[in-house]
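Numbering of ligands and ligand atoms starts at 1, following listing order.
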Amino acid sequence: MADDRSTADGEVYLPTPEIVSAAHVPDWEALSAEADANYVKFWEDRARELAWHAPWQQVLDQSNKPFYKWFVGARTNIVHNALDRHQKTWRRNKLALIWEGEPGDLRTFSYHALHREVCQFANVLKSMGARKGDRITIYMGRIPEIVIAMLACAKIGAIHSVIYGGFSVEALHGRIEDSQSKLLLTADGGWLNGKIVRLKSIVDEALQRCGCVEHVVVVKRTGHEVVMEQGRDYWYHDLLGLPIARTDGDRCETEVMDAEDPLFILYTSGTTGKPKAIVHTHGGYQVGVATTMKYVFDIKEEDRWWCTADPGWITGHSYVVYAPLILGTTSFMYEGAATFPYPDRWWKMVERYGINIFYTAPTAIRGLMRFGEAWVNRRDLSCLRLLGTVGEPINPEAWRWYHRTVGKQRCPVMDTWWQTETGMFMITPVPSAPLKPGSAGRPFFGQQAEVVDESGKPVPDGEEGFLVLKRPWPAMLRTVYGDPDRYVQQYWSKYPGRYLTGDSAKRDKDGYFWVIGRVDDVIKVSGYRLGTAEIESALVSHPSVAEAAVIGLPDEIKGSVIHAFCILKAGVAPSPELADTLKQHVGHEIGPIARPAEVRFVEKLPKTRSGKIMRRVLKARAQGMDEGDVSTLEE
Ligand code: PRX
């Protein structure tokens with residue numbers, strides 16, 4: 001990749017002619033203009049590349065905005081595209097998944113083998129009473145069974161709700177309860193940093209708090225002793241050994257769904273403490289994720305793809321599980337920590353498995369940068385062709401390190417901006433486009449983005465404002481599960497007709513977007529999305545805390561870290577030990593990722609006259625910055 005810094009705008013990286021000529025989209029401008037002129041047709045043409053049981057009568061129904069519908073009337077099931085149709089082609093014997101456990105164990109699945117496992121588990125789920133439309137919670141580490149479980153649910157038309165394995169008791173309980181899942185699929189534990197994460201014990205504690213779960217299926221991964229409650233808990237391998245798993249010669253019919261039927265719900269943080277589940281569907285979602293992955297990561301038949309995300313987050317749903325399988329790609333998945341037992345673990349696996357395309361998060365890059373280039377350089381990374389990042393803005397220094405040290409200045413870096421809600425990449429380069437470190441580039445084909453002020457007026461280029469999206473897209477969220485008002489309120493009411501992202505951004509004169517960060521009560525810690533309200537309610541659930549407020553403060557590696565301000569109950573004395581106890585309490589309730597870096601005890605919190613905590617003021621005070629407009633402050 002040529003390095004051209006002569007452009008007036010600063011640093012621009014141009015693709016090599018080889019990258020351009022091999023790209024699915026050799027000319028960004030041309031395809032962008034075509035899609036912009038008729039985005040509905042653009043998506044309809046892409047949808048034709050997939051298999052449907054019955055065609056659509058209408059591509060996009062906008063009659064009940066913002067409840068958009070895509071591929072109206074079409075019949076499909078994403079699993080048909082991800083697995084079934086490959087069984088009739090040579091891909092049946094192609095590897096779908098290569099997996100390495102943290103201790104070094106290896107498992108591989110061809111498309112045929114993955115299909116067989118999914119069918120068997122789908123039969124088991126059916127025999128346990130699971131039906132179309134039922135919600136099923138999945139809480140596992142990064143093991144092949146999490147992929148199998150998700151696909152098995154989708155195959156029978158059940159709606160999966162995957163809870164990230166790093167979440168803990170209360171986070172798990174709240175999400176199970178909200179989804180009213182009768183079935184919970186989990187594992188005894190998972191390996192991380194040489195230690196066992198005791199998933200089953202967290203499940204046991206969470207289930208003491210909720211009444212809806214009837215059965216728990218447990219995958220044996222770590223083999224440590226766990227409590228199995230008779231009549232409620234079953235081992236996965238025992239169930240798969242039953243004749244019921246093998247009915248009809250290991251086959252299980254794929255349920256034919258309406259394109260708009262829900263495929264999954266995925267909880268994400270918002271502005272209140274109540275969990276918010278984003279709803280994605282079978283039809284539009286499959287078109288959106290497959291198209292974006294194919295164009296942005298230039299997927300070729302012979303590629304080996306590694307997205308390091310956990311299936312518990314949207315990146316894992318879209319680009320570990322669904323898009324790679326729809327495209328017939330070979331994916332690699334790794335269970336554990338990037339630095340276990342040494343900081344070259346990832347690079348060692350890139351070399352060993354011949355990964356061509358590698359997609360990770362800025363926080364991971366910054367974390368690995370700390371250990372120096374020697375760890376990367378001892379491995380042969382010449383197999384890499386393309387790199388990617390997601391989850392938070394990447395600072396140009398980390399971008400350059402990634403490009404130079406990992407990509408050897410040959411591999412374009414795709415900085416993809418998107419969200420749980422968008423389901424697919426929304427602002428992103430393609431390999432043939434000029435790159436600017438720190439910018440996610442321009443909107444994906446067919447999309448238009450804008451930066452606006454409080455009143456909704458576009459701000460001049462170079463100025464900061466609220467990032468909005470102007471057009472519907474096929475993988476868009478359809479609603480908030482069980483709460484359509486919240487969907488309208490949160491995303492479509494501030495600027496009717498435009499989707500509110502919750503991010504602030506700038507656009508430059510070339511139309512490139514520079515995302516700055518969240519402007520709501522969401523904090524990104526190491527790329528993980530956490531809500532202030534959920535952490536605050538975990539803090540006040542401790543008997544010594546009367547009130548709490550949390551904010552995110554900048555951190556060189558993690559992007560942000562959590563600082564908590566607590567007012568103690570009368571008679572409780574502040575102490576460093578209590579601060580530690582509260583950190584641990586948050587870790588136990590929400591998960592280790594939510595543990596505050598600092599807990600401070602205060603007498604009062606800055607509030608508006610109507611009693612809302614002004615986190616913005618807390619943040620400014622903590623950083624010794626100007627508090628801004630404080631006219632609404634209580635005192
Ligand atoms: O703030 C943006 C940031 O991550 C948020 C969405 O988080 P989540 O729903 O967890 O999904 C993350 C993975 C898609 C966004 O509102 N974000 C995501 N990607 C980028 C980003 N910020 C800057 N650059 C990105 N590439």
Selection from Y528, Y319, W417 by shortest heavy-atom distance to atom 21 (C) of ligand 1: W417

Heavy atom of P393, distance to ligand 1 below 4.0 Å: yes

Charged tip of R498 within 45° of W492 ring normal and under 6.0 Å: no

R175 charged N/C atom sitting above F167 aromatic ring, 6.0 Å / 45°: yes

Protein heavy-atom partner closest to atom 3 (C) of ligand 1 - residue, atom, separation in Å: G391 O, 3.2 Å

Given L386, V296, D298, the one that forms side chain to side chain contact (heavy atoms under 4.5 Å, CB included) with I357: L386

Subset of ligand 1 atoms that lie under 4.0 Å from at least one heavy atom of D415: 24 (N), 25 (C), 26 (N)

Side-chain heavy atoms of L384 within contact of V406, under 4.5 Å: yes

Distance filter under 4.0 Å to T315 heavy atoms, resulting ligand 1 atoms: 13 (C), 14 (C)

N/O separation below 3.5 Å, D503 to ligand 1: yes

Sub-4.0 Å atoms of ligand 1 with respect to non-hydrogen atoms of V390: 13 (C), 14 (C), 19 (N)

The one among R529, K524, M424 that brings a heavy atom closest to atom 12 (C) of ligand 1: K524

Heteroatom distance test (T501, ligand 1): nitrogen or oxygen, under 3.5 angstrom: no

Any G502 heavy atom less than 4.0 Å to ligand 1: no

Any N/O pair Q419/ligand 1 closer than 3.5 Å: yes

T389 N/O under 3.5 Å from ligand 1 N/O: no

Aromatic plane relationship, Y322 with Y285 - under 30° parallel, 30 to 60° tilted, over 60° perpendicular: perpendicular

Contact partition for T422 relative to ligand 1, non-hydrogen atoms under 4.0 Å: neither

Worked verdict on S455 versus D453 for side chain to side chain donor-acceptor pair (under 3.5 Å): CA-CA 5 Å; S455 70; D453 65 15; 2.8 Å; yes

Any W313 heavy atom less than 4.0 Å from ligand 1: no

Polar contact flag for G527 and ligand 1 (N/O pairs, less than 3.5 Å): no

Subset of ligand 1 atoms that lie under 4.0 Å from at least one heavy atom of W418: 6 (C), 14 (C), 15 (C), 18 (C), 19 (N)

Audit row: Y164, Y267, side chain to side chain donor-acceptor pair (under 3.5 Å) steps and yes/no: CA-CA 9 Å; Y164 171 57; Y267 285 90; over 6 Å; no

Closest approach of any protein heavy atom to atom 8 (P) of ligand 1, naming residue and atom: T420 OG1, 3.5 Å

Test: E392 and R366 ion pair at under 4.0 Å: yes

Numbered atoms of ligand 1 (with element) below 4.0 Å of V515, judged on heavy atoms: 22 (N), 23 (C)

More than 12 heavy atoms of other groups within 6.0 Å of K583 NZ: yes

Distance under 6.0 Å and angle within 45° of ring axis: K506 vs F513: no

Neighbour count >12 (heavy atoms, 6.0 Å) for atom CD, E598: yes

